[in-house]
Amino acid sequence: MEDTKMEDSSNQREMSHEEMPETHSKGGLITMPFIIANESFEKVASYGLVPNMIMYLIKDYHMGVAKGTNILFFWQAATNFTPILGAFVADSYLGRFLTIGLGSICSLLGMILLWFTAMVPQSKPPPCDLMTQTCSSPTSAQMTLLFFSFVLISLGAGGVRPCSLAFGADQLDRRDNPKNVRVLESFFGWYYASAAISVLIALTGIVYIQDQFGYRVGFGVPAILMLLSALVFFLASPFYLKQQASKSLLTGFVQVIIVAYKNRNLTFPLPNSTASYHHKRDSNVVAPTDKLRFLNKACIIKNPEQDIALDGSAANPWSLCTVEQVEELKALIKVLPLWSTGIIMSINLSQNSFPVLQASSMDRHLTKKFQIPAGSYGMFNIISLALWVIFYDRAILPMASKIKGKPVRIGVKLRMGIGLFLTCIAMVVSAIVENARRKEAIRSGFQNNPTAVVKMSAMWLVPQFCLNGFAEAFTAIGQTEFFYSELPKSMSSIAAALFGLGLAVANVLASVVVSIIDDITSKGGKESWVSSNINKGRIDNYYWVLAILSFINLFYYFLCAWAYGPTGRQATKVKSIAG
């Protein structure tokens, strides 16, 4: 309806650009099923490979637990870091459509290679000799094939994940639409709900297929899903609004820093002297802002005849930058402190191993014949996230708007703060539950038997997973919406990739925290808090450390939120009221 109104009104006006009617006729809600289906299939396929991969490496490639874990750690780190590369490539060179398309193809090829290792016996070591109890190590060629499949899957994720959200927002973002904010907020929520459901299907359905039918079928199904992901995405190509890449943002950032340093001795022009700053033709931004003022020297025109080319561009971009370049770098620097506040929450969310150990030592039976697998309790995190998004979007906001008589929404900074508070509470609950479990194990005489099952239901672990799910729903969605609304539209893929970068940094820092605690608590021959025997260790104290770090991080967030000031929307609202 909104697109139709826009087309009707635009037909009544004279248009200065012939492509305007075509631009407004593309995009819209019709493209949403294809974009969301593309990333949903990719997530089901890629996330479904992770849980049982350690068993595949141990049993089929004869690796030790430590080596296999390290390989998977680096694979996940690469998968979380490549979206930053994909975001820069999309915004600077290929555009989001091509980046998503190439990413889908890379993921498909990687999964086909991985399926190939399961189907062809020569692609991995022969089975162990039961008579001699010896196992052959994989050859260099076999390891190269395996690693190459991992690399392709990581590169594919780097192309799809940072661009899919921004590409979807491109189809809906109509800044002249008064309902634009609500449309985008609803899209962000539903996007994350579909992503959460995809991960839930991966952690249950794909893992179940691998357990029941083996890796030949278990790796083949993700490959088929990735094929569907690519086909669905390219099928809707005629309907997409495809924005072209403008320039190399990374190069632009480096240019601003270098030119600002080279011009550090220049004096600033007089106030309101816009002619002294270099900007794009027909740009609304003709002078830089006063924040991070030292960067403004990168766009000061020293000699118009030498600095400016005939077409109005900089004669040497390494000697003169545009106001837009300077403001883009400022925008990125400005959001980094608030971005860093989400890392601690991501560390808490990455605690997967210890809950599995806890669940395996607790009563997991729902009935006499059925028990929940120890590795599947993470699904409660996903379920709570998805349910909260649906409840928030379809019940809380409409009800609050009806009561107030006007549209109601919770600000992004408030939502991020609520999420960080909830992850603090989740760690406190985790520590209390583990303390109770450990006491019950010792009381039952299981201190030296970590595999023994205590008389305590594993459902006591569910509250901590639900709290972390709610925390992720508030902070992850809030941060993504914050980045997308605060950064220039030309940087929207980078905005989507920032949260993924936080996950990658959190993966590295989480291993650092565990290593430090292990080194400190095991000195003098003492049992480490993170011992493999969880009944002798003190995982509850480890959770308390994370809880303390989370509370410190919460105060750090308050400081960053205060220093940031009002968001773009709030600032615009203040200006309109003042006017």
Side-chain angles (χ1 to χ4, degrees), residues 1-10 17 19-45 83 86-87 89-91 94-105 107-108 156-157 159-198 225-246 389-390 393 477 480-481 483-485 489-497:
M1 287 290 292
E2 198 64 36
D3 288 342
T4 304
K5 292 178 182 178
M6 290 173 63
E7 288 178 22
D8 292 341
S9 61
S10 64
H17 299 288
E19 58 268 47
M20 188 176 291
E22 181 182 351
T23 298
H24 282 284
S25 66
K26 290 181 178 290
L29 292 174
I30 192 174
T31 61
M32 290 303 100
F34 300 96
I35 295 172
I36 292 179
N38 169 255
E39 175 145 353
S40 296
F41 281 135
E42 188 273 334
K43 272 188 163 56
V44 172
V89 169
D91 283 341
L94 299 181
R96 286 183 270 278
F97 173 77
L98 278 179
T99 305
I100 295 174
L102 291 175
S104 300
I105 294 172
S107 285
L108 174 61
V160 174
R161 295 179 188 178
C163 301
S164 184
L165 180 63
F167 189 62
D170 286 343
Q171 314 305 312
L172 300 175
D173 194 3
R174 301 288 186 268
R175 307 240 166 157
D176 55 345
N177 179 5
K179 297 182 180 180
N180 189 56
V181 172
R182 181 70 184 100
V183 170
L184 285 178
E185 182 180 350
S186 179
F187 167 66
F188 287 134
W190 283 104
Y191 176 89
Y192 268 95
S194 65
I197 293 172
S198 301
L225 290 176
M226 200 60 233
L227 176 62
L228 291 175
S229 173
L231 290 176
V232 165
F233 180 74
F234 286 114
L235 186 64
S237 178
F239 304 110
Y240 294 138
L241 177 63
K242 303 169 187 175
Q243 295 186 354
Q244 299 298 317
S246 55
V389 168
I390 296 171
D393 189 71
I477 297 174
T480 302
E481 185 181 339
F483 297 145
Y484 186 82
S485 60
K489 195 171 183 180
S490 60
M491 300 170 62
S492 53
S493 290
I494 293 177

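In this text, all values refer to a predicted model and were calculated from it rather than measured experimentally.
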To the nearest 0.5 Å, what is the distance between [atom1] on [X] and [atom2] on [Y]?
| X | Y | atom1 | atom2 | value |
| --- | --- | --- | --- | --- |
| Leu94 | Ile100 | CG | CD1 | 11.5 Å |
| Ile105 | Phe233 | CD1 | CZ | 10.0 Å |
| Leu225 | Ser40 | CG | OG | 11.0 Å |
| Asp170 | Cys163 | CG | SG | 10.0 Å |

Who passes side chain to side chain contact (heavy atoms under 4.5 Å, CB included) against Ala157, sequence neighbours left out?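 For Ala157 the side chain to side chain contact (heavy atoms under 4.5 Å, CB included) partners, ignoring immediate neighbours, are Glu42, Thr79, Arg161.
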
Just jot down the side chain to side chain contact (heavy atoms under 4.5 Å, CB included) partners of Ile35, sequence neighbours excluded, or say none.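 Ile35: side chain to side chain contact (heavy atoms under 4.5 Å, CB included) contacts with Thr31, Met32, Ser164, Phe167, Gln171, Tyr240.
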
For [X] and [Y], work out which heavy atoms get closest and say how close.
| X | Y | result |
| --- | --- | --- |
| Val160 | Glu39 | O-OE1, 3.9 Å |
| Val232 | Phe34 | O-CD2, 3.4 Å |
| Ile477 | Val389 | CD1-CG2, 3.4 Å |

Taking side chain to side chain donor-acceptor pair (under 3.5 Å) as the definition, give me every residue that meets it alongside Thr99, ordered by chain and number, with sequence neighbours left out.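 Expected list: none.
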
Taking the side chain as every heavy atom from C-beta outward, state whether Phe97 and Phe234 have any pair of such atoms under 4.5 Å apart.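 A side-chain contact under 4.5 Å exists here.
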
When you compare the side chain of Lys242 with that of Ser237, does any pair of heavy atoms fall below 4.5 Å?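 Counting from C-beta outward, Ser237 and Lys242 do come under 4.5 Å.
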
For the backbone of Asn38 and the side chain of Ser229, can you confirm whether one donor and one acceptor N or O come within less than 3.5 Å of each other?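 Yes.
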
